Amino acid sequence: MSELYIRVAEDENEEPMEIPSEDDGTVLLSSVAAQFPGACGLRYRNPESQCMRGVRLMEGVLHAPENDWGNLVYVVNYPKDNKRKMEEIDAASAVKIKRGFQKTSDLIVLGLPWKTTEQDLKDYFTTFGEVIMVQVKRDAKTGNSKGFGFVRFTEYETQTKVIAQRHMIDGRWCDCKLPNSKVHVACPDEPMRSRKIFVGRCTEDMTTDELRQYFMQYGEVTDVFIPKPFRAFAFVTFADDQVAQALCGEDLIIKGVSVHISNAEPKHNNIHQLFPNFPGGSASLAAMFDRSQYQFPSSHV
DNA sequence: GTTGAGCGTT
């Protein structure tokens, strides 16, 4: 109750980082994840038993043991396996890469300050890994930045890391994403397993932040979408499709309400809704789309 | 000479 900050580290022997607590003495999982992307909880060594203990987590809120965080160093938990760290998860996905041989692709960098140059971008992103291309998109006439650009890394691991976090560049928070044109091109012949879940029976008081905080315990959340006006459901997207698939069919309790998790259906399931003038039947078209790398514009797949 | 969600002239 007394501390404004609690000390958190990836490992007991590593340099701890101070994480702010809330007014009621709790700590938001999102506060931890802001410094340790992908974190799903905390643990600590109980001074009496010398055993590791989990910190109580309810709906994205971490509660102090014995109502007092004390002076302990708390250790970050990562999804799937408490002993497994983010690097090891990345290593696991590196196995997939070997199999499917995933190349790196250009990443779009959104939210750049107007003044940021390509040299600035290169200097910043080189701190993550070797950079092979940077671009700042500019108006052809004036030369003014359009506020976004592109970056390409040599290592796929670097790309994964960069996408997973936000970036403070010249005083503004920026996001790096796979460009729309490249989404799902990375693994063309893999069957599409959605990273997005449908959350049914939502109540109107559930906010995107609350849903994000809740679902973070299962894995890294990359997007939360609540249709407006209220329609009693939401979409949550995870970084890992396995996390999304594992939750399907579950009934989960959020803010005391039972919500139902199922697969997110594509928003558009009729080709002719997208291309009303396209000749011929839809069967061959559908087959074509199954094999294509096309992503439905602004849909929730 | 302004701006702030988005998606790439060469």
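So that the names make sense, note that chain A is the first sequence line, chain B the second, and so on, each numbered from 1. The shown structure was predicted, so the numbers you read here are calculated from the model rather than taken from an experiment.
One can place CD1 of A:I108 at 14 Å from P of B:dA5, the figure rounded to the nearest angstrom. One can place CG of A:D175 at 13 Å from C1' of B:dC7, the figure rounded to the nearest angstrom. A straight line from CG of A:L112 to P of B:dG4 spans 16 Å, rounded to a whole angstrom. Look at CZ on A:R152: it is 13 Å from C1' on B:dG8, rounded to the nearest Å. One interatomic measurement links the two molecules: CZ of A:R166 to C1' of B:dA5, which rounds to 13 Å at whole-angstrom precision. Nucleotide B:dA5 holds its P atom 11 Å from the NZ atom of A:K177, rounded to whole Å.
Relative orientation of the A:F150 and A:F148 rings is perpendicular, given thresholds of 30° and 60° on the angle between their planes.
No continuous path of ILVMFWY side-chain contacts below 4.5 Å connects A:V61 to A:M216, so the two sit in separate hydrophobic clusters.
In this model, no side-chain donor or acceptor of A:N180 finds a partner on the base of B:dG6 within 3.5 Å.
Put simply, the side chain of A:Y74 does not reach to within 4.5 Å of the side chain of A:V32, judged on heavy atoms. For the pair A:V162 and A:H167, the minimum side-chain heavy-atom distance is below 4.5 Å.
For A:K137 and B:dT9, the shortest distance from a side-chain N or O to OP1 or OP2 is below 4.0 Å.
No engagement by A:L107 is indicated, since no non-hydrogen atom pair under 4.0 Å with the nucleic acid exists.
Looking at the side chain of A:R172, the nearest of the listed nucleotides B:dC7, B:dT9, B:dG4 is B:dG4. Closest to the side chain of A:W114, from the set B:dG8, B:dG6, B:dG4, is B:dG4.
Put simply, A:F148 does not rest on the base of B:dA5: the two rings are not both less than 5.5 Å apart at their centres and under 30° in tilt.
DNA chain B is contacted by both A:R138 and A:L110; A:L110 maps to the nucleotide lying nearer its 5′ end (nearest heavy atom per residue). The residue among A:D106 and A:T142 whose nearest nucleotide of DNA chain B is located toward the 5' end is A:T142.
Checked options A:L211, A:D209, A:D205; the residue passing with A:T207 is A:D209 (criterion: side-chain contact (heavy atoms from CB on, under 4.5 Å)).
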